[in-house]
Amino acid sequence: QAAGTGSVASLPASPGQGTSSPATAAGQFGPAGLDGVTMPDNASTAETARIMNAWASCMEAHGDPDFATKQGDPGGARVPTVTITKFPAAVKACRSLQPHPPWQEMPQYNPNYQRDFARWVTCLNAKGVPVKAVPGGWNYDGTSSLSPAQQQKVTVECEMQAFDES
């Protein structure tokens with residue numbers, strides 16, 4: 001899955017509880033030197049939406065009109081609908097707010113990424129969300145009998161289970 005999204009909101013200065021990242025710098029959730037906001041590994045739907053929406057609002061304020069509410073997202077997170085590189089001024093202006101996945105989900109920071117990712121895909125399939133691994137993430141691979149809200153819940157549960165064991 002490729003990694004949802006007013007006014008620009010302020011972001012928390014310290015991470016919530018959960019697995020800490022390697023090489024964190026003060027005021028960041030994730031690896032030192034990574035511009036933007038690394039999602040806490042235990043972010044709630046509301047927290048994820050708040051972080052995503054702060055970035056979306058900034059991008060819109062700087063000329064990128066292409067954000068929409070992520071389909072099936074109970075938190076109302078807004079995501080880009082086109083490649084953000086089409087709006088370099090907005091990307092530059094909003095770099096400090098750009099969300100990144102938890103460090104565990106970034107291969108360059110997690111030495112166990114491939115194993116953890118395989119566990120995530122296996123868990124999703126076992127719990128009724130048919131997916132297949134593709135370069136850069138996973139895609140849906142069939143129809144699920146679960147509602148979009150149930151699929152979201154399973155996705156988060158499997159993600160936490162697979163990556164928190166790193």
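What you see is a predicted model, and the numbers here were worked out from it, not measured in a lab.
Taking the side chain to side chain contact (heavy atoms under 4.5 Å, CB included) definition, one finds that Lys132 meets it with Val134, Asp141, sequence neighbours left out. Every side chain to side chain contact (heavy atoms under 4.5 Å, CB included) that Pro130 has, sequence neighbours left out, goes to Asn125, Ser144. Residues passing the side-chain hydrogen bond (donor to acceptor under 3.5 Å, both in side chains) test with Ser147, sequence neighbours excluded: Gln150. Here Ala90 pairs with Met59, His62, Asp64, Phe87 under the side chain to side chain contact (heavy atoms under 4.5 Å, CB included) rule; sequence neighbours left out. Under the side chain to side chain contact (heavy atoms under 4.5 Å, CB included) criterion, Glu157 pairs with Lys127, Lys153, sequence neighbours left out. Taking the salt bridge (Lys or Arg N to Asp or Glu O under 4.0 Å) definition, one finds that Lys86 meets it with nothing, sequence neighbours left out.
The closest donor-acceptor contact from the side chain of Trp103 to the backbone of Pro40 lies at 3.5 Å or more, if one exists at all. Distance alone, capped at 3.5 Å, places no donor-acceptor pair between the Gln98 side chain and the Gly36 backbone.
Residue pairs meeting the disulfide (SG to SG under 2.5 Å) criterion with at least one member in residues 125-160, sequence neighbours excluded, are Cys123-Cys158. Residue pairs meeting the disulfide (SG to SG under 2.5 Å) criterion with at least one member in residues 126-155, sequence neighbours excluded, do not occur. Applying the salt bridge (charged side-chain N to carboxylate O under 4.0 Å, His left out) rule to pairs touching residues 93-107 yields Asp35-Arg95, sequence neighbours excluded.
Side-chain atoms of Tyr109 and Pro102, non-hydrogen and from C-beta on, never get closer than 4.5 Å to each other. Between Thr155 and Trp120, some side-chain heavy-atom pair lies under the 4.5 Å cut-off. Under the 4.5 Å side-chain criterion, counting only non-hydrogen atoms from C-beta, Phe117 is not in contact with Asn112.
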When you look at Asp116 and Asn110, which way does the side-chain contact (heavy atoms from CB on, under 4.5 Å) test go after all the steps?
CA-CA 9 Å; Asp116 296 346; Asn110 179 358; 3.0 Å; yes
In sequence, state the C-alpha distance, the side-chain angles, and the governing distance for Tyr140 and Leu124, and then conclude on side-chain contact (heavy atoms from CB on, under 4.5 Å).
CA-CA 10 Å; Tyr140 291 101; Leu124 287 166; over 6 Å; no
Does the side-chain contact (heavy atoms from CB on, under 4.5 Å) test come out yes or no for Met39 and Ile51, once each step is laid out?
CA-CA 8 Å; Met39 294 285 187; Ile51 292 168; 3.7 Å; yes
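Using a 30° and 60° split on the angle between ring planes, Tyr113 and Phe163 fall in the tilted class, from 30° to 60°.
Between Leu97 and Cys58, the shortest heavy-atom distance links the atoms CD1-CB, 3.7 Å.
The CD atom of Glu47 sits 13.0 Å away from atom CE of Met52, with the distance rounded to the nearest 0.5 Å.
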